Amino acid sequence: MLQRATLLIATAALGLSGCLASPPQDRLEGYLRAVAGGEPDRGWQYLAEATREIAYQSDKAAYVADAAAADWEAFRWSPPTVLYADDGFSYVSVRLTSGAASVPRFLIARWLLNGICEGNTFEPVGLAVMLRDSGESGIAAGGWTGSQVRCNRRFVGDAFEEPPS
């Protein structure tokens, strides 16, 4: 009985890779590795329910197809950094070490991640995401107005649109 309970606890713990047990920067790193091909579901479990609904109408197969079709060879990033944490959210970013053209378009066009741009020219330099630290955990991109839209368009052109309401 004890072995069975230990096995159940260990299995449950392994299934929580995207949950609150790990620091926010580890969750973003885990997601990027998973979506790039490190897991069969391509990181679907890291996405908040609301993000899944907005981006894919909860269609996991469509998400996995987008991830599988993307070119991951050139895409490289720096270790994630927590920019700030407040009110149950953490804003976590990575700098691109491979250039904006290497970022698979669906990551931004489908509102999974936000671009980070610098200067008056909105030079694309990184990616960021909001991670919920309480309640429903998971990746929640956000940032669909104003300068964030302008930055996201520097990554994906007119493919970026505001999400359906």
Side-chain angles (χ1 to χ4, degrees), residues 16-39 41-56 63-64 66-163:
L16 295 176
S17 60
C19 291
L20 302 175
S22 60
Q25 62 271 26
D26 291 352
R27 287 183 272 153
L28 178 54
E29 181 71 30
Y31 173 71
L32 289 172
R33 290 184 184 283
V35 72
E39 296 179 11
D41 78 348
R42 303 302 281 244
W44 180 257
Q45 81 274 8
Y46 287 87
L47 303 176
E49 258 327 296
T51 303
R52 293 175 184 174
E53 178 59 33
I54 289 168
Y56 285 94
Y63 167 81
V64 170
D66 276 354
D71 180 7
W72 297 100
E73 277 302 307
F75 180 46
R76 300 287 178 266
W77 60 89
S78 69
T81 302
V82 176
L83 298 178
Y84 67 85
D86 191 27
D87 290 336
F89 286 91
S90 295
Y91 191 62
V92 186
S93 71
V94 294
R95 299 286 288 188
L96 297 174
T97 60
S98 57
S102 70
V103 177
R105 294 173 59 93
F106 83 99
L107 291 174
I108 292 177
R110 290 287 195 149
W111 320 289
L112 302 174
L113 301 175
N114 288 323
I116 296 177
C117 296
E118 291 181 342
N120 293 336
T121 61
F122 278 76
E123 182 64 31
V125 296
L127 301 171
V129 67
M130 293 295 282
L131 291 170
R132 291 186 175 121
D133 296 325
S134 60
E136 180 201 356
S137 65
I139 288 175
W144 300 318
T145 60
S147 61
Q148 186 63 65
V149 170
R150 185 174 174 195
C151 178
N152 287 348
R153 284 196 172 124
R154 295 282 289 150
F155 283 86
V156 298
D158 290 333
F160 183 79
E161 299 175 10
E162 290 188 40

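Hydrogens, waters and symmetry mates play no part in the numbers below; they use all other heavy atoms, side chains included. Just so it is clear, the structure is predicted and the values come from calculations on it, not from any experiment.
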Say whether, by atom type as modelled, one donor and one acceptor occur between the side chain of [X] and the main chain of [Y] under 3.5 angstrom.
X: Arg27; Y: Ser22; result: yes
X: Arg105; Y: Val156; result: yes
X: Gln148; Y: Gly115; result: yes

Please find the pair of heavy atoms, one from [X] and one from [Y], that lie closest to each other, and give the distance.
X: Thr51; Y: Ala140; answer: OG1-CA, 3.3 Å
X: Pro24; Y: Leu131; answer: O-CD1, 3.2 Å
X: Pro80; Y: Leu28; answer: CB-CD2, 4.2 Å
X: Asp41; Y: Val64; answer: O-CG2, 3.7 Å
X: Val82; Y: Gln25; answer: CG2-OE1, 3.1 Å
X: Ala55; Y: Arg110; answer: O-NH1, 2.6 Å

Atom [atom1] of [X] and atom [atom2] of [Y]: how far apart are they, to the nearest 0.5 Å?
X: Leu113; Y: Tyr31; atom1: CG; atom2: OH; answer: 5.5 Å
X: Tyr46; Y: Glu29; atom1: OH; atom2: CD; answer: 9.5 Å
X: Arg154; Y: Phe122; atom1: CZ; atom2: CZ; answer: 9.5 Å
X: Leu96; Y: Ser102; atom1: CG; atom2: OG; answer: 6.0 Å
X: Asn152; Y: Ile116; atom1: CG; atom2: CD1; answer: 10.5 Å
X: Met130; Y: Leu83; atom1: CE; atom2: CG; answer: 10.0 Å

Task: Leu127 vs Phe155, side-chain contact (heavy atoms from CB on, under 4.5 Å): CA-CA, chis, key distance, verdict - done: CA-CA 10 Å; Leu127 301 171; Phe155 283 86; 4.1 Å; yes

Task: Test side chain to side chain contact (heavy atoms under 4.5 Å, CB included) applied to Leu112 and Ile54, Ile139, Leu47, the passing residue - done: Leu47

Open item on the list: Using 30° and 60° as the class boundaries, would you call the ring planes of Trp72 and Phe106 parallel, tilted or perpendicular?
Closed with: perpendicular

Open item on the list: Could you walk me through whether Arg95 and Val125 satisfy the side-chain contact (heavy atoms from CB on, under 4.5 Å) test, starting with their C-alpha distance in whole Å, then the side-chain angles of each, then the deciding distance to 0.1 Å, before giving a yes or no?
Closed with: CA-CA 6 Å; Arg95 299 286 288 188; Val125 296; 3.4 Å; yes

- [ ] Would you verify whether the NZ or CZ of Arg52 falls within 45 degrees of the ring axis of Tyr63 while also being under 6.0 Å from that six-membered ring's centre?
- [x] no

Task: Residue pair Glu39 / Trp44, side-chain donor-acceptor N/O under 3.5 Å - done: no

